[in-house]
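Start at 1 with the first residue, then count along the sequence.
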Amino acid sequence: NELGGLIQKELLRFRQSLADDRERAIWDLRLTSSDPRSLSQLGEKFGVSKERVRQLEARMRARLKEQLQESLGDEIDVGIGE
């Protein structure tokens, strides 16, 4: 459907906007993976706590939600990060 295509395009655009390796890894290995890694696994990978990974994930979800709302308007109910 058309909305699904728009969302996929926005997800790709968001992924490309991630300049930080940690954020890209969280996006790729946790948020969009068919076999998501745990907070602990990613924390170990980057030498940070699982709470720090959770904080980074929450910040990314908020930025993604903002981007989707800006791009797609109020036409969709963005339930990301809630």
Side-chain angles (χ1 to χ4, degrees):
N1 87 29
E2 187 177 331
L3 181 58
L6 289 173
I7 291 172
Q8 288 300 319
K9 181 179 173 185
E10 288 302 317
L11 293 176
L12 178 59
R13 187 169 75 94
F14 181 78
R15 193 324 183 158
Q16 292 171 339
S17 76
L18 300 174
D20 181 85
D21 287 340
R22 271 193 317 199
E23 287 185 345
R24 275 194 302 276
I26 293 168
W27 180 261
D28 293 339
L29 300 175
R30 182 163 167 81
L31 297 176
T32 60
S33 175
S34 60
D35 183 26
R37 303 280 165 64
S38 70
L39 293 172
S40 296
Q41 288 172 319
L42 290 171
E44 287 177 24
K45 177 178 175 66
F46 292 107
V48 297
S49 69
K50 65 182 181 180
E51 174 60 19
R52 180 63 183 139
V53 175
R54 188 201 62 76
Q55 291 168 353
L56 291 167
E57 179 181 324
R59 189 176 73 195
M60 282 193 323
R61 286 178 185 267
R63 288 186 356 232
L64 174 60
K65 180 178 179 178
E66 184 178 301
Q67 176 183 311
L68 289 174
Q69 286 176 330
E70 286 175 4
S71 298
L72 303 176
D74 294 331
E75 298 172 17
I76 62 169
D77 179 19
V78 181
I80 298 171
E82 295 178 359

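In this structure the side chain of Val53 never reaches within 4.5 angstrom of the side chain of Gln41, judged on heavy atoms. Side-chain atoms of Arg13 and Ser71, non-hydrogen and from C-beta on, do get closer than 4.5 Å to each other. Between Leu12 and Gln16 there is a side-chain heavy-atom pair separated by less than 4.5 Å. By the 4.5 Å heavy-atom criterion applied to side chains, Leu11 and Leu64 are counted as neighbours.
Residue pairs meeting the ring pair (Phe, Tyr, Trp, His ring centres under 6.0 Å) criterion with at least one member in residues 15-53, sequence neighbours excluded, are Phe14-Trp27. Sorted by first and then second residue, the salt bridge (Lys or Arg N to Asp or Glu O under 4.0 Å) pairs involving residues 38-54 (not counting sequence neighbours) are Glu51-Arg54.
Glu70 pairs by the salt bridge (Lys or Arg N to Asp or Glu O under 4.0 Å) definition with nothing, not counting sequence neighbours. Partners of Arg59 by salt bridge (Lys or Arg N to Asp or Glu O under 4.0 Å), not counting sequence neighbours, listed by chain and number: Glu23. By the salt bridge (Lys or Arg N to Asp or Glu O under 4.0 Å) test, Asp21 is found to be paired with Arg24, residues two or more places apart in sequence or in another chain being considered. Taking the salt bridge (Lys or Arg N to Asp or Glu O under 4.0 Å) definition, one finds that Arg30 meets it with Glu57, sequence neighbours left out.
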> Does the pair Arg22 and Leu42 meet the rule for a side chain to side chain contact (heavy atoms under 4.5 Å, CB included), with working shown?
Replying inline: CA-CA 9 Å; Arg22 271 193 317 199; Leu42 290 171; over 6 Å; no
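Taking CG of Leu29 as the start and OG of Ser38 as the end, the distance is 11.0 Å to the nearest 0.5 Å. With values rounded to the nearest 0.5 angstrom, Arg61 atom CZ is found 10.5 Å from Ile26 atom CD1.
Under a 4.0 Å N-O distance rule, the pair Arg63/Glu66 does not qualify as a salt bridge.
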